[in-house]
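Taking it in order: structure first as structure tokens, then the write-up.
Fair warning: this is a prediction, and the values are worked out from it, not measured in the lab. Convention: sequence-line order gives letters A, B, ...; per-chain numbering from 1.
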Amino acid sequence: MHRTGVPPSRFTFSSVLNACARLPAILEGKQVHKRLIQSGLLPNNKIVETTLLDMYAKCGFLDDARSIFDAMVHKDLVAFTTMICGYTKMSRMKEAIDMYMEMRAREVKISDVAIVGALSACTQLGDAELATTLAADVGRLCRGRGVFVWNALIHMHAKCGSLDLARKEFNAMKERDVITYSTMITALADHGQSQEALSMFQQMQNEGLRPNEVTFISILNACSHGGLVKEGCESFELMTSVFGIRPLAEHVTCMVDLLGRAGQLERAYNLVMENVELANDPGIWGAFHAACRLHGDVEMGEMAARKLGEMDPEDPGNQVVLASGYASNSDWQAAEKVRKMISGKGTKRSPGCSWISG
DNA sequence: ATAGGGTTAG
């Protein structure tokens with residue numbers, strides 16, 4: 001642009017800053033910031049200033065974003081919204097809520113996007129009292145609310161302890177999408193309603209919505225929570241054969257957890273081997289290790305512990321796993337006794353054969 | 001003529 005002798009305009013600056021935000025690329029962003037100051041275009045240009053603060057926010061430099069925000073003369077709803085969402089994304093929930101409250105106090109028009117950012121912050125906080133306040137705001141401020149707002153509201157209610165309110169909002173919706181259903185399925189699973197989660201999944205398909213990979217993480221998680229082995233296996237099969245979704249590590253982890261908890265360690269192991277391209281995922285082996293431990297299978301457990309150690313030797317969690325895997329057979333034996341006492345039955349695979357006392 | 005903000009799993 002300098003070769004032609006045409007200086008960059010404010011449009012050029014906001015376009016390039018937007019690109020830096022999306023990459024993200026903080027070094028380039030800072031270079032552009034310098035040029036912007038030199039250009040003299042900056043003062044009193046809300047849009048360029050907001051793009052600049054969004055660039056810093058998206059690159060994770062919230063304090064720099066905040067300095068730009070504080071220096072802005074006219075802070076409008078987009079500037080506030082950008083800060084709220086930036087804080088929320090970086091898990092700085094309190095600051096996100098403070099920013100939202102300031103927006104409210106200053107009587108800046110509250111946008112749907114700002115509400116969604118605040119709802120998301122509250123979701124992560126799990127603050128039931130704040131949830132009540134925000135839900136009232138949604139009622140007052142979001143008249144023709146879009147599906148984004150509904151989904152965020154449902155998610156917040158569920159995470160803040162009120163499955164009933166989440167359900168109520170869900171039932172009041174006219175148009176639901178895949179995210180609505182995935183959110184509700186997780187909510188039901190988290191509240192121990194695994195069967196209802198499965199009905200939700202059915203209802204979703206009846207509405208003609210196509211489940212995606214996240215939906216299947218939700219549904220497998222629901223099956224795992226509820227110990228629904230048959231349903232979980234059927235869902236996994238449905239995902240791969242009917243919907244053609246290649247399993248992610250998260251899906252396999254859910255399945256290993258499900259089968260492993262039910263004591264079907266061999267099936268769990270076979271599943272991992274069938275998806276061997278995922279076999280260097282620590283989550284999968286972590287779930288497998290936990291299952292071995294639960295069922296007192298020391299040999300398989302040590303194998304899983306070694307895998308974990310190979311994958312990430314520096315991880316302190318894996319060091320603990322390795323140490324406990326090798327050292328505490330007696331703990332496992334004790335755990336197995338307790339498990340038998342609770343279930344009142346012997347184990348099918350008699351894992352006791354591999355125990356060597358002392 | 002051209003430019004700025006978003007939800008879902010664990």
Using a cut-off of 4.0 Å on non-hydrogen atoms, how would the nucleic acid contact of [X] be classed: base, sugar-phosphate, or nothing?
X: A:Val147; answer: nothing
X: A:Asp54; answer: sugar-phosphate
X: A:Asn45; answer: base
X: A:Ser182; answer: nothing

Report the distance from atom [atom1] of [X] to atom [atom2] of [N], rounded to the nearest whole Å.
X: A:Ile219; N: B:dT8; atom1: CD1; atom2: P; value: 19 Å
X: A:Ile185; N: B:dT8; atom1: CD1; atom2: C1'; value: 11 Å
X: A:Asp76; N: B:dA3; atom1: CG; atom2: P; value: 17 Å
X: A:His33; N: B:dG4; atom1: NE2; atom2: P; value: 18 Å
X: A:Lys109; N: B:dG5; atom1: NZ; atom2: C1'; value: 14 Å
X: A:Met204; N: B:dT8; atom1: CE; atom2: P; value: 16 Å

Taking atom types as they are modelled, is there a donor-acceptor pair under 3.5 Å from the base of [N] to the side chain of [X]?
X: A:Ser111; N: B:dG5; answer: yes
X: A:Thr81; N: B:dG5; answer: yes
X: A:Thr51; N: B:dG4; answer: no

Counting just side-chain N and O atoms, does [X] come under 4.0 Å of either OP1 or OP2 of [N]?
X: A:Lys89; N: B:dT7; value: yes
X: A:His155; N: B:dT7; value: no
X: A:Lys75; N: B:dG5; value: no
X: A:Asn18; N: B:dG4; value: yes

Quick one: which of [options] gets closest to the side chain of [X]?
X: A:Thr186; options: B:dA9, B:dG4, B:dA3; answer: B:dA9
X: A:Val113; options: B:dA9, B:dT8, B:dG6; answer: B:dG6
X: A:Arg10; options: B:dA9, B:dA3, B:dG4; answer: B:dA3
X: A:Glu250; options: B:dA9, B:dT8, B:dG4; answer: B:dA9
X: A:Val214; options: B:dA9, B:dG4, B:dA3; answer: B:dA9
X: A:Ile217; options: B:dG5, B:dA9, B:dA3; answer: B:dA9
X: A:Ser14; options: B:dG6, B:dA3, B:dG5; answer: B:dA3
X: A:Ile47; options: B:dG6, B:dG4, B:dT8; answer: B:dG4
X: A:Asp112; options: B:dT2, B:dG6, B:dA9; answer: B:dG6
X: A:Ser120; options: B:dT8, B:dG6, B:dG4; answer: B:dT8

I want to check something: taking the side chain as every heavy atom from C-beta on, are A:Asp63 and A:Arg92 in contact at a cut-off of under 4.5 Å?
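A:Asp63 reaches A:Arg92 side chain to side chain.
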Exercise for review: Answer yes or no on whether A:Arg176 is positioned over the face of A:Phe170, meaning its NZ or CZ is under 6.0 Å from the six-membered ring centre and within 45° of the axis.
Suggested key: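 Verdict for A:Phe170: a cation-pi partner in A:Arg176.
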* Do we get A:Lys75 above A:Phe69's six-membered ring, with its NZ or CZ under 6.0 Å from the centre and within 45° of the axis? ->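 Because its charged atom sits under 6.0 Å from the ring centre and within 45° of the axis, A:Lys75 does stack over A:Phe69.
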Are B:dT7 and A:Phe148 stacked, with the base six-membered ring and the side-chain ring centres under 5.5 Å apart and planes under 30°?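 No, aromatic ring not over the base.
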Practice prompt. Give me the ring orientation class for A:Tyr269 and A:Phe288: parallel if the planes are under 30° apart, tilted from 30 to 60°, perpendicular past 60°.
Written response: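 Judged by the thresholds at 30° and 60°, the geometry between A:Tyr269 and A:Phe288 is tilted.
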With the 4.5 Å side-chain cut-off for hydrophobic clustering, are A:Val272 and A:Met239 part of the same group?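 A:Val272 clusters together with A:Met239.
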Would you say the side-chain atoms of A:Thr180 and A:Thr183 include a donor-acceptor pair closer than 3.5 Å?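 No - no donor-acceptor pair under 3.5 Å links their side chains.
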Check: Just checking, any donor-acceptor pair under 3.5 angstrom between side chains of A:Thr215 and A:Asn212?
Finding: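 There is such a pair between these side chains.
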